[in-house]
Amino acid sequence: MGITLYRSPDLLMMGEGSIANIGKEAKKYDANHVLVVADAFLVENKIINHVFDYLTNENITYDINQSIIPEPPFELLERIGSEIREKNYDLIIGIGGGSVLDSAKILSILAKYELDLRSVVGTNLVPEKGLPFFLTPTTSGTGSEVTWNAIFTDEKDHVKKGIVSPYLLPQLSIVDPELTYTMPPSVTAATGMDALVHAIESYTSLRTDELNKAIALQAIKLINKSLRKAVHNGKDRVARADMSNGSLLAGISLANAGVGAVHALAYPLGGKFKVPHGVSNSVLLPYVMEYNVISDLDAFVEIAEALELQTDNLSKREIADEFVSYLKQFVKDIGIPTSMSVFGVTKEDVPKMAEEASKIERLLSNNPRKLSVNDIEQIYYNALG
Ligand SMILES: [Fe+2]
């Protein structure tokens with residue numbers, strides 16, 4: 001048994017209406033002038049106007065940056081960083097999906113000092129902390145609000161790369177399900193599946209422990225109960241709250257135990273074929289699980305039980321097979337394709353994708369079953385249908 005670590009934001013605030021505290025919490029950091037990094041969609045549709053009011057009520061002035069694009073490139077962050085360094089902000093607030101939250105983390109650093117982002121790709125390479133920052137998600141999936149990862153696209157080789165540092169953990173995360181009510185069904189489905197993948201992969205990660213397993217299992221139960229409902233009726237408040245909590249729990253488990261081969265194999269699909277992160281994870285999930293189950297049948301039986309699958313009179317192996325079939329149906333139920341060919345991937349693309357995925361040792365080393373390049377190719381071929 002090894003020694004495990006557990007990290008989280010300084011403060012987590014959860015529940016309907018919790019966003020109303022953001023101004024008061026900002027004042028605790030002596031904030032007078034704040035940069036809000038927000039999704040353009042939320043600003044343009046006035047969905048987060050009340051958040052700005054909470055700042056104004058505390059006499060806090062703010063600027064809004066709404067220029068973050070999905071899977072943002074390093075250059076965009078470095079450009080914004082050089083613009084904001086002169087503005088003397090005393091707090092950064094990120095409000096949006098995973099790309100916005102990851103960007104806010106890095107901008108808290110770049111608002112304080114200049115940094116070549118490519119030089120800090122990897123773990124523990126950010127030299128010192130930046131400005132205080134708060135994160136509040138408007139999707140239920142990435143878990144970015146509780147992780148110390150930030151993922152960007154390197155436009156030089158079109159590969160997604162991660163910066164991992166404890167300085168990327170926020171002082172405060174506010175997880176308010178009301179902010180997810182306007183999320184469209186396709187985004188609800190993709191981000192919700194990302195959360196389910198976080199929970200399953202961190203539960204079976206070689207770095208997991210009892211604390212993370214308990215957290216991940218509860219995430220699996222909540223997401224299984226409510227993701228389909230949230231996709232089909234976005235106004236279902238209970239389903240939205242379950243997804244907020246499930247995503248948060250999955251994010252905590254991911255932050256501490258890591259994710260594995262689903263994420264590693266999803267990266268080339270996302271990078272080259274521009275498939276959104278949650279969708280690429282969803283497509284690959286059943287095929288990677290098909291490969292993984294024999295590594296730890298007991299763990300996958302525990303997950304099958306959390307998913308309330310019928311396991312009477314079945315062997316562990318049969319339960320694991322049921323689990324894989326259930327995942328394929330689950331992905332279909334929420335309108336996500338179960339084959340990579342839908343995104344234009346062909347057999348000819350597989351060797352290059354497998355070679356690229358095999359280099360993501362940061363994730364593959366967590367996976368409960370080792371993968372050779374040939375194993376990865378075979379999983380990709382299976383995922384072509
Ligand atoms: Fe993810």
Side-chain angles (χ1 to χ4, degrees), residues 70-72 94 96-105 123 135 137-153 159-164 168-169 173 175 180 183 186-205 207-208 212 215-216 219-220 222-223 227 243-271 273-289 292 303 327 330-331 334 336 340 356-357 360-367 383:
E71 329 285 342
S99 295
V100 164
L101 301 192
D102 282 3
S103 297
K105 293 174 184 181
T123 303
L135 300 178
T138 58
T139 63
S140 295
T142 68
S144 176
E145 68 277 12
V146 287
T147 71
W148 55 94
N149 308 333
I151 311 292
F152 301 102
T153 303
V159 173
K160 288 171 75 175
K161 295 182 180 171
I163 299 172
V164 186
L168 303 185
L169 273 171
S173 281
V175 181
T180 69
M183 187 172 33
S186 61
V187 182
T188 302
T191 54
M193 278 306 294
D194 188 26
L196 183 62
V197 176
H198 294 160
I200 294 172
E201 290 214 283
S202 59
Y203 189 83
T204 55
S205 164
R207 283 169 45 210
T208 201
N212 286 313
I215 291 170
I220 290 168
L222 287 169
I223 296 165
L227 177 53
M243 285 309 301
S244 268
N245 286 321
S247 165
L248 174 69
L249 292 170
I252 292 171
S253 186
L254 139 76
N256 291 285
V259 286
V262 179
H263 273 72
L265 271 65
Y267 275 6
L269 184 57
F273 296 90
K274 305 283 177 213
V275 180
H277 176 71
V279 175
S280 51
N281 272 330
S282 307
V283 174
L284 288 161
L285 175 66
Y287 303 99
V288 175
M289 292 300 116
N292 274 357
I303 294 173
L327 291 178
F330 196 100
V331 171
I334 56 173
I336 294 177
M340 294 198 304
E356 203 180 294
I360 312 176
E361 190 53 28
R362 174 175 72 85
L363 302 177
L364 292 176
S365 62
N366 299 329
N367 199 63

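Worth saying up front: this structure is predicted, and the values here are computed from it rather than measured. As the structure lists them, so they are numbered: ligands from 1, and atoms in each ligand from 1. Just so you know, residue 1 is the first one in the sequence shown, and it goes up from there.
- With hydrogens and angles ignored, the 3.5 Å screen pairs a side-chain donor or acceptor of Asn366 with a backbone N or O of Val259.
- With Thr208 contributing its side chain and Ser205 its backbone, the two residues share no donor-acceptor pair below 3.5 Å.
- Protein nitrogen, oxygen and sulfur atoms, that is N, O or S, within less than 2.8 Å of the Fe ion (ligand 1) amount to 4.
- Taking His198 as the reference, His263 meet the ring-ring contact (aromatic ring centres under 6.0 Å, His included) condition, with sequence neighbours excluded.
- No donor-acceptor pair closer than 3.5 Å links the side chain of Thr139 to the backbone N or O of Gly97.
- In this structure, Glu356 has no salt bridge (Lys or Arg N to Asp or Glu O under 4.0 Å) partners at least two apart in sequence or on a different chain.
- Applying the side chain to side chain donor-acceptor pair (under 3.5 Å) test to Tyr267 and every residue at least two apart in sequence or in another chain returns nothing.
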